[in-house]
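Worth saying up front: this structure is predicted, and the values here are computed from it rather than measured. A note on names: the letters A, B, ... follow the listed sequences, proteins ahead of strands, and every chain is numbered from 1.
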There are 2 protein chains.
Amino acid sequence: MTRCPCEEEVLRRIRPTPEERAYIRTIGERLIEAVERSGMAKAMMVGSVARDTFVRGDRDLDIFMLFDPSLPREDLQEKGLSLARRIAEEFGATWREKYAEHPYINATINSLDIDLVPCYAVPSATEIKSAVDRTPFHTRYIRAHIGDYVDDVLLMKQFAKAGGVYGSDHMTEGFSGYLCEILTIYYGGFHPLLEAAACWKPGEVVDIEDHGTKSFEEPLVVIDPVDPERNVAAALSVSRMFEFVELARGYLEEPSEAFFCRPSSPPLSREVFARLLAARGTYLFAITFATPEYTPDTVVPQLRKSAESIRELLERSGFPANRLDVCMQKDRCMLLFELMANEVPVMRRHIGPPAWSRGNAAKFVAKYVDDEVLAGPYIEDGRYVVELPRTFTRAVDLLRSKALLDVALGKHVRRSMENGWTVSVGAGCWDREFAGFLSGFLERSSPLVRIRRITGK
Amino acid sequence: MTRCPCEEEVLRRIRPTPEERAYIRTIGERLIEAVERSGMAKAMMVGSVARDTFVRGDRDLDIFMLFDPSLPREDLQEKGLSLARRIAEEFGATWREKYAEHPYINATINSLDIDLVPCYAVPSATEIKSAVDRTPFHTRYIRAHIGDYVDDVLLMKQFAKAGGVYGSDHMTEGFSGYLCEILTIYYGGFHPLLEAAACWKPGEVVDIEDHGTKSFEEPLVVIDPVDPERNVAAALSVSRMFEFVELARGYLEEPSEAFFCRPSSPPLSREVFARLLAARGTYLFAITFATPEYTPDTVVPQLRKSAESIRELLERSGFPANRLDVCMQKDRCMLLFELMANEVPVMRRHIGPPAWSRGNAAKFVAKYVDDEVLAGPYIEDGRYVVELPRTFTRAVDLLRSKALLDVALGKHVRRSMENGWTVSVGAGCWDREFAGFLSGFLERSSPLVRIRRITGK
């Protein structure tokens, strides 16, 4: 396989050192031994360490503890956690309980970030009792099929990371590590994958084991080789998918190391932020409130849903948005709206029934004939219209009003907002905790455009 | 036939007096005699005088001069006009040439407004050579079928006039006199017509002679008994149709003379106009220019088309309109726009190709990557978007710019605007020549709502 010189250079930088690899594996094997010595469960390493596809400096190690499927769920949780805790303490780790679909233990041992996860040792991935039970099958599948593609997977992962499309969490909506692995194996390496991706269209299907059963709605469909019912790319948004596509096209046209370097531009200062915003002439509004005490994968989708509902309320109220975005930080969350107007006329048009709907038409006329209307009711293209005064003529008043609690907010978001929220306006939205997020919002561009502007090509 | 007392009252007011009727008929007959004495053409009275369906005080008399169909068109025009002129002079009239599809003579004799119209004496209405040839057939048809419905037609006409829905000209887009007559005859009187109309839906078909051939697109289809290819209600807009429908419903519910009285509210003063406009908080803009020297039926549709094109330009430029209207006066025309914004942010979003359209996507990125953009290009829901500065951030600047001449204006409107136009803003739109029009715009309501508000019911 021939590689561009820049790829060899990148590999030299990202391939784990033999010492690093040996060290992390040793720790892993000692943990497995400790689990199995208990006689309660089998254990295995999963994740990129187990598959040899981790990038230098990654400090993540996942140890799965496989219990007998006959064990009741509560027992699995109880026994699993107590075993994990015991082992963490045996290794002198600092640890804490975490929660995904089930609780697990996250421990720090010699600066490694280790997850000890109880799961069921089911006979096949189609018989899983919870999502974590599938992970060991993924590890086995990749181990069995990765062959000579270890370096290719490393390149693909680094390429996706640098392009900002790596990670299947709800904030990123990008490519998971497993997805990178499957795609690299399926297309036969990093370059063939890029060449295929350059021609992707929405609805692309990759079915590595030719399962060919279920059909999916997502823009990219990658049938899980170990579970035909599952789309490995389910979390991938159409935006991240095509950001990867444009990166692939750009890289094939002109390969360069820039595609493997995560850009690190410092966030905008308050002054530059204010200047950029003034140049746009738009109206920025930020809603901030205390971060609900749940994981980002629970909170972020709720932030998105809440922001969408508020955008609809704004639109209905005469304030169309150019863009919105959301950000979850440790202490506070932000919903950010860029509006095309901050004030609207008092008059709003209210559309009534068609004039041929006799009963509704009569009710509509009767309702407004004696009302304090600004004009109407009148008939326009066969429908009744009446022009009424509106409640909020300033966006900021609407955003500060209780009306916000009447729209479909996420459950935890609503609870937090019931304790209050802050509305910031214009340059006043700048906030140290959100500086990176706010900068990205104002300077938004696709990853390829960013690289082209940096490299000047 | 039983009538409401108010209808008897109205009839006493609007029925022509026997003297009036005799007088106008005498003049008509003398004109016919004069035409026929020339030996060049037959002649007949058409219109409401001939049908006895004119309302007291109407001073319109139409005399048609029917020439042999073998006469070439130019000869008809020349001979017709010279005969009409000679007769007008013989009667000591002041007269002028007018032009519809063909030229004709409009004469004033003893304060009567008389049209002398040359046409062809074709054997049937389906063989007409021009629209005016059809009129004698209408007169004959109504005369033959009107029977006892003369009073009903008078009521219907007065009802439509008072409701502002009478007249098939392009400004009104309402019910012509002939349409009123056909509908009254078809449904069997004024009351049965109202009862039917109360249940009309768009696409209603009235086919008095059961021709049942062609299908039409208009909201009300009334097949011409003398020409199955023609919809008598072709000029009726869906708004005027349903304004009549709501009047019919309102009258049947509570008959009153108010439905037969044209409301005569004086136009708003400049001060009240300014106050009402301020209460709406909207942004009013009036474009005025010299009236093209053509008839309203030529100019008004062009005004409408021009205003629609300008509305689209405004919308595209970030200035959505609540409403627009047009007005043609003797010296000047006005296009009136009520906008929801008078200023918009510099930033405008420009939507590009979908990211999967490889060639277009590459061109789009290449075009904007080095440009002075405000943000982007970025990928949103799979499409490229770029945020650019816009040319006009104030509506008034756009409306005063030459950009207006680049949209689809009517031909004569464009010619007039090429010599310049004026843009007035807000309360400054008030203008004595257009005071009635401007008042109607701000106080717009349907005819039934107006009556309900006047009568307090």
Side-chain angles (χ1 to χ4, degrees), chain A residues 198-202 219 237-243 245-246 249-250 253 276 279-283 318 322-323 338 340-341 343-347 349 354-356 358 361-362 365 368-370 373-382 384 387 389 393 441-446 448-449 452-453, chain B residues 198-202 219 237-243 245-246 249-250 253 276 279-283 318 322-323 338-341 344-347 349 354-356 358 361-362 365 368-370 373-382 384 387 389 393 441-446 448-449 452-453:
Chain A
C199 304
W200 277 351
K201 296 206 167 0
S237 71
V238 70
S239 295
R240 286 311 88 69
M241 175 176 172
F242 283 98
E243 285 169 5
V245 167
E246 66 153 22
R249 291 177 191 153
E253 213 174 276
L276 285 186
R280 300 172 67 77
T282 52
Y283 305 95
N322 175 46
R323 285 198 260 134
E338 185 185 34
M340 298 305 282
E343 261 193 276
V344 283
V346 172
M347 190 281 299
R349 61 169 32 214
W356 46 92
R358 190 170 181 172
V365 167
Y368 291 108
V369 71
D370 297 324
V373 303
L374 292 168
Y378 54 82
I379 297 173
E380 187 177 86
D381 296 330
Y384 276 99
E387 294 173 358
T393 59
F441 189 87
L442 280 205
E443 297 191 302
R444 186 170 174 192
S445 61
S446 71
L448 178 63
V449 169
R452 287 261 170 90
R453 284 188 184 142
Chain B
C199 305
W200 278 351
K201 294 203 169 358
S237 71
V238 70
S239 295
R240 288 309 88 69
M241 174 176 173
F242 283 97
E243 284 169 5
V245 167
E246 66 153 23
R249 291 176 191 156
E253 213 174 277
L276 285 185
R280 301 172 66 78
T282 52
Y283 305 95
N322 174 47
R323 286 200 259 133
E338 186 185 33
L339 305 186
M340 299 304 282
V344 283
V346 172
M347 190 281 300
R349 62 168 34 216
W356 47 89
R358 189 171 181 171
V365 167
Y368 291 110
V369 72
D370 298 323
V373 304
L374 292 167
Y378 55 80
I379 297 173
E380 188 178 85
D381 296 331
Y384 276 99
E387 294 175 357
T393 59
F441 188 87
L442 280 205
E443 297 189 302
R444 187 167 172 195
S445 60
S446 72
L448 178 63
V449 169
R452 288 260 169 92
R453 284 188 183 142

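Considering only heavy-atom pairs separated by less than 4.5 Å from chain A, the leading option among B:Glu338, B:Glu443, B:Met347 is B:Met347. Note on B:Tyr368, B:Tyr384, B:Tyr283: by heavy-atom pairs under 4.5 Å with chain A, the leading option is B:Tyr384. Comparing B:Leu374, B:Val238, B:Asn322 by heavy-atom pairs within less than 4.5 Å of chain A, the highest count is held by B:Asn322. When each of A:Pro389, A:Ala279, A:Pro202, A:Pro354 is checked for heavy-atom pairs under 4.5 Å with chain B, A:Pro202 comes out on top. Counting heavy-atom pairs closer than 4.5 Å to chain A, the top-ranked of the candidates B:Arg240, B:Lys201, B:Met340, B:Glu253 is B:Met340.
Heavy atoms closer than 4.5 Å to chain A are found in both the backbone and the side chain of B:Ala198. Heavy atoms of B:Leu276 lying under 4.5 Å from chain A are absent altogether. Using a 4.5 Å cut-off between heavy atoms, B:Val365 contacts chain A through its side chain alone, with no backbone atom that close.
Without hydrogens or angle criteria, A:Arg453 side chain to B:Asp370 main chain gives no donor-acceptor distance under 3.5 Å. Between the side chain of B:Arg280 and the backbone N or O of A:Pro345, no donor-acceptor pair lies under 3.5 Å. Not a single donor-acceptor pair under 3.5 Å links the side chain of A:Arg358 to the backbone N or O of B:Cys199.
Judged as a side-chain contact (heavy atoms from CB on, under 4.5 Å), and not counting sequence neighbours, the contacts of A:Val245 are A:Trp200, A:Phe242, A:Arg249. Residues satisfying the salt bridge (charged side-chain N to carboxylate O under 4.0 Å, His left out) test with A:Arg323, not counting sequence neighbours, are B:Glu387.
At a cut-off of 3.5 Å, with distance as the only test, no side-chain donor of A:Tyr378 or B:Glu243 sits close to an acceptor on the other residue.
Between B:Pro377 and A:Val449, the shortest heavy-atom distance links the atoms O-CG2, 3.6 Å. Taking each heavy atom of B:Gly382 and A:Ser239 in turn, the nearest pair found is N-OG, 4.2 Å.
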